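One structure below.
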Amino acid sequence: MVFTQARAEVRGHLQIRSLLARQCLAEFLGVFVLMLLTQGAVAQAVTSGEDKGNFFTMFLAGSLAVTIAIYVGGNVSDALQNYTGGNLTVTGPKETASIFATYPAPYLSLNNGFLDQVLGTGMLIVGLLAILDRRNKGVPAGLEPVVVGMLVLAIGLSMGANCGVPLNPARDLGPRLFTYVAGWGPEVFSAGNGWWWVPVVAPMVGATLGTATYQLLVALHHPEDPEPVQHLVSDQRKASELETPASAQMLECKL
């Protein structure tokens, strides 16, 4: 009893009333979980020379991180210094900048990389809209994060070789700024023929096109939902039934 009262008092003092502030805190924690698990998997693979991780495990961890981060929101370890000898590089056999941000494969041009990101993000948005569309097949309530994680995994495994499918400007630009100030220097913006702007701009273009595609090809063609009309008729009928006895009673009183 005492414990319950104490907890209630503490909760009353610490609970934030502002909806916006609560949303910001939840978003902060969700993104933290996402980045920690995703970049941890990449760091483990890179710093071990892929002895303790590979292409598949990185994308699997990233996909599971998306799932967990969605549920949550509803320092680089000494291994890095041992691996690099203290030299933080963006390119070369012992580069570590790709732990934090994405960089294109040597064969990938900016134009093709831009198209890659437009297509990947467009596919992501089409999938998300389908998952959340209640007039489509839909997903059982509570399982949406799991299916979203599977969607991200499918995109990563099928399109991740080119540049790591950032798909989200916040996923790439923030960590890139961190590497810039943390010791990797300005090369994080010049590497890959100035690649840095592609993961920022292309996902926004892809998201727009993906939304338009789903709306034009699927969402706009759903049959009209008759339920609102049925509910309206039912409500009017109930209202008339309730009003009739009252009118009769009033008439009796007058008589």
Side-chain angles (χ1 to χ4, degrees), residues 21 23-50 52-55 57-70 72-73 75-106 108 110 113-114 116-117 120-121 124 152 155-156 160-204 206-207:
Q23 290 173 336
C24 289
L25 288 175
E27 186 73 14
F28 172 82
L29 183 59
V31 173
F32 174 79
V33 170
L34 172 65
M35 300 307 294
L36 178 66
L37 297 179
T38 301
Q39 294 180 353
V42 177
Q44 183 169 274
V46 170
T47 57
S48 67
E50 296 196 356
K52 298 179 180 179
N54 52 37
F55 180 88
T57 61
M58 288 187 285
F59 283 112
L60 179 60
S63 303
L64 294 175
V66 170
T67 300
I68 297 171
I70 295 174
V72 168
N75 304 346
V76 179
S77 69
D78 292 337
L80 181 61
Q81 296 297 331
N82 295 334
Y83 175 75
T84 63
N87 298 317
L88 304 179
T89 58
V90 179
T91 58
K94 289 194 173 184
E95 64 82 19
T96 49
S98 63
I99 292 175
F100 302 94
T102 62
Y103 294 87
L108 191 67
L110 285 180
F114 190 93
D116 174 278
Q117 284 304 287
T121 309
L124 175 66
V152 173
I155 295 174
N162 287 332
C163 56
V165 289
L167 302 179
N168 183 352
R171 158 66 184 89
D172 193 88
L173 183 58
R176 194 179 301 273
L177 290 172
F178 166 77
T179 55
Y180 174 75
V181 301
W184 281 264
E187 191 179 358
V188 298
F189 289 102
S190 61
N193 295 319
W195 165 261
W196 71 271
W197 64 272
V198 174
V200 176
V201 178
M204 292 188 285

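One-based numbering along the sequence shown. Nothing here was measured: the structure is a model prediction, and the numbers come from that model.
Of the inter-residue distances, the one linking Thr121 atom OG1 with Asp116 atom CG reads 8.5 Å to the nearest 0.5 angstrom. Note that OG of Ser98 is 10.5 Å distant from CD of Gln39, once rounded to the nearest 0.5 Å. The line from SG of Cys24 to CG of Leu29 is 13.0 Å long, rounded to the nearest 0.5 Å.
Scanning for side chain to side chain contact (heavy atoms under 4.5 Å, CB included) contacts around Asn54 gives Glu50, Phe56, Thr57, with sequence neighbours left out.
Two residues are said to be in side-chain contact when any heavy atoms from C-beta on lie closer than 4.5 Å; Asn168 and Pro203 fail this criterion. When side chains are defined from C-beta on, Arg176 counts as touching Thr102, because their heavy atoms get closer than 4.5 Å. With a 4.5 Å cut-off on side-chain heavy atoms, Leu64 and Leu37 do not count as touching. Side-chain contact between Arg171 and Met35: present, with at least one pair of heavy atoms (C-beta onward) separated by less than 4.5 Å. Contact of the Ile155 side chain with the Phe59 side chain is not registered, since no non-hydrogen atoms from C-beta on lie closer than 4.5 Å. Inter-residue side-chain proximity for Tyr103 and Cys163 is flagged as unmet; no heavy-atom pair is nearer than 4.5 Å. In this structure the side chain of Val72 never reaches within 4.5 angstrom of the side chain of Phe32, judged on heavy atoms.
Not a single donor-acceptor pair under 3.5 Å links the side chain of Gln117 to the backbone N or O of Pro199.
Ring-plane geometry between Trp184 and Phe100 is classed as perpendicular, the angle between the planes exceeding 60 degrees on a 0 to 90 degree scale with a lower cut at 30. Relative ring orientation between Phe189 and Trp196 is described as perpendicular, the plane-to-plane angle rising above 60° on a 0-90° scale split at 30° and 60°.
Listed here is the closest heavy atom pair of Ile99 and Val42: CA-CG1, 3.6 Å. Across all their heavy atoms, Val165 and Gly156 have their closest contact at CG2-CA, 3.9 Å. The minimum heavy-atom distance linking Ala61 with Ala41 is given by the pair CB-CB, 3.3 Å.
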